[in-house]
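Order of the sequence lines fixes the chain letters, A, B, ..., with proteins taken first and strands second; residue numbering starts at 1 for each chain.
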Amino acid sequence: QMNFTGDQVLRILAQNEMQLSLLRDLEGLKPQKVDFWRGPARPSLPVDMRVPFSELKDVKDYLESHGLAYSVMIEDIQVLLDQEREAMAKSRR
Amino acid sequence: LERSTSSFSYSSYHTLEEIYSWIDSFVTEHADLVSKIQIGHSFENRPILVLKFSTGGSERQAIWIDTGIHSREWITHATGIWIAKQIVSDHGKDYILTSLLNTMDIFLEIVSNPDGFAFTHSMNRLWRKNKSNQPGIACIGVDLNRNWRSGFGGNGSKDNPCSETYHGPYPHSEPEVSAIANFITAHGNIKALISIHSYSQMLMYPYGHSLEPISNQEELYNLAKRAVQALYEVHGIKYLYGSISTTLYVASGITVDWAYDSGIKYSFSFELRDTGRYGFLLPATQIIPTAQETWMAIRTILKHTLRHPY
């Protein structure tokens with residue numbers, strides 16, 4: 001299984017169309033590095049993206065440099081995946 | 001493998017093998033109402049299975065429900081399994097469902113993307129697309145919800161095979177899509193189609209590829225509103241509703257646009273629960289509450305379809 005240790009999901013609340021456009025640019029800059037769980041659609045909807053640990057600093061710098069406010073929705077994806085696998089194994093037992 | 005549906009845990013997630021084994025047991029235990037149909041093979045040659053709920057008769061009108069076209073959205077497969085059980089247990093008790101099954105059939109495809117789903121269990125839990133590949137192209141997979149003929153290749157889909165929203169080389173190029181399209185077209189009497197995704201807490205209708213309202217906009221808007229209210233009354237979860245392009249985003253080549261353009265008026269797409277904390281990794285403890293509320297919304301759509309023949 002692919003390991004997602006340290007990968008995070010960031011939730012961004014874009015204020016306007018310009019900020020959404022910056023997020024779309026990010027998708028273009030790192031098409032295989034940033035995985036949009038909820039893509040940039042409109043300012044009223046949050047944008048969620050999974051960022052690999054290796055890209056976290058770059059991506060957070062990009063967001064901060066453009067004034068894009070974000071929160072960490074999932075701190076470490078692998079922790080949740082481990083819990084999920086354990087729950088499945090427990091259910092089987 | 002779990003060998004009978006009584007020992008199956010509906011409040012846990014399951015592998016493809018477990019689900020297919022459950023399907024076999026489920027069909028055997030409820031042979032008077034449920035049968036299994038294979039509508040095709042996936043790219044990696046896995047069977048694509050559909051449960052048919054029918055009280056008999058031929059050339060009946062029908063409802064189509066699919067879950068799991070995006071393989072990482074595990075809550076949708078789990079919801080589909082629970083709904084199958086609910087249809088069986090409600091038949092003969094719930095007057096809406098009983099009336100519907102007296103005249104119509106229900107087709108339920110629980111794993112629309114079996115290759116992708118198997119891959120989420122074996123290699124990459126967060127895989128979204130199918131597993132098809134093309135010679136000379138390094139990236140694998142097509143977004144099966146961008147591969148449909150309606151609006152194919154337009155805004156909200158990508159021609160880059162490495163993108164998560166890659167639309168594929170041509171409409172219905174993917175066996176998982178063509179299997180459904182061929183089945184529905186050959187059937188010719190599907191009156192409602194419900195395609196289930198996660199996670200944004202929304203109930204939506206066409207179009208995705210265009211901001212233009214459909215001709216049945218008002219009816220579908222009011223139906224979505226009632227369905228969302230029915231859902232809310234179960235556990236107090238609020239859903240947004242409206243057309244896909246105005247509620248979520250512009251997306252081209254999607255299932256419900258194709259369904260609507262193919263004459264299925266009651267075409268809806270669900271985005272199941274978003275707790276704002278887990279995304280696609282919704283804890284298994286939320287499977288049954290999610291399924292319960294989703295079923296009540298679906299039931300509202302079924303009731304409307306039954307009472308508004310076209």
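Residue contact with chain A, scored on non-hydrogen atoms closer than 4.5 Å, involves the backbone of Thr120(B) exclusively. At a 4.5 Å heavy-atom cutoff, the contact between Arg72(B) and chain A is made by side-chain atoms alone. Heavy atoms of Ser198(B) lying under 4.5 Å from chain A are absent altogether. Looking at Arg277(B), the atoms closer than 4.5 Å to chain A (heavy atoms on both sides) all sit in the backbone: N, CA, C or O. The contact between Phe36(A) and chain B is made entirely by backbone atoms, counting heavy-atom distances below 4.5 Å. For Ser200(B), the parts lying near chain A are the backbone and the side chain together; criterion is any non-hydrogen pair under 4.5 Å.
Heavy atoms from other residues, nucleotides or ligands lying under 6.0 Å from OH of Tyr232(B) number 12 at most.
Defined by atom type and a distance below 3.5 Å, a donor-acceptor pair is missing between the side-chain atoms of Thr76(B) and Thr79(B). The closest side-chain donor-acceptor pair between Ser42(B) and Asp115(B) falls under 3.5 angstrom. Counted by atom type alone, Glu64(A) and Tyr70(A) present one or more donor-acceptor pairs between their side chains at under 3.5 Å.
With chain B as the partner, the residue from Met2(A), Arg50(A), Glu84(A) showing the most heavy-atom pairs under 4.5 Å is Glu84(A). By number of non-hydrogen pairs under 4.5 angstrom with chain B, the leading residue of Arg38(A), Met73(A), Met88(A) is Arg38(A). For the set Ser12(B), Ser122(B), Ala284(B), the entry with the most heavy-atom pairs within less than 4.5 Å of chain A is Ser122(B).
With Trp148(B) contributing its side chain and Gly151(B) its backbone, the two residues share no donor-acceptor pair below 3.5 Å. Judged by distance alone, the side chain of Asp48(A) and the main-chain N or O of Trp37(A) form no donor-acceptor pair under 3.5 Å.
Salt-bridge annotation for Arg42(A) and Glu17(A): absent, with no side-chain N of the basic residue lying under 4.0 Å from a carboxylate O of the acidic one.
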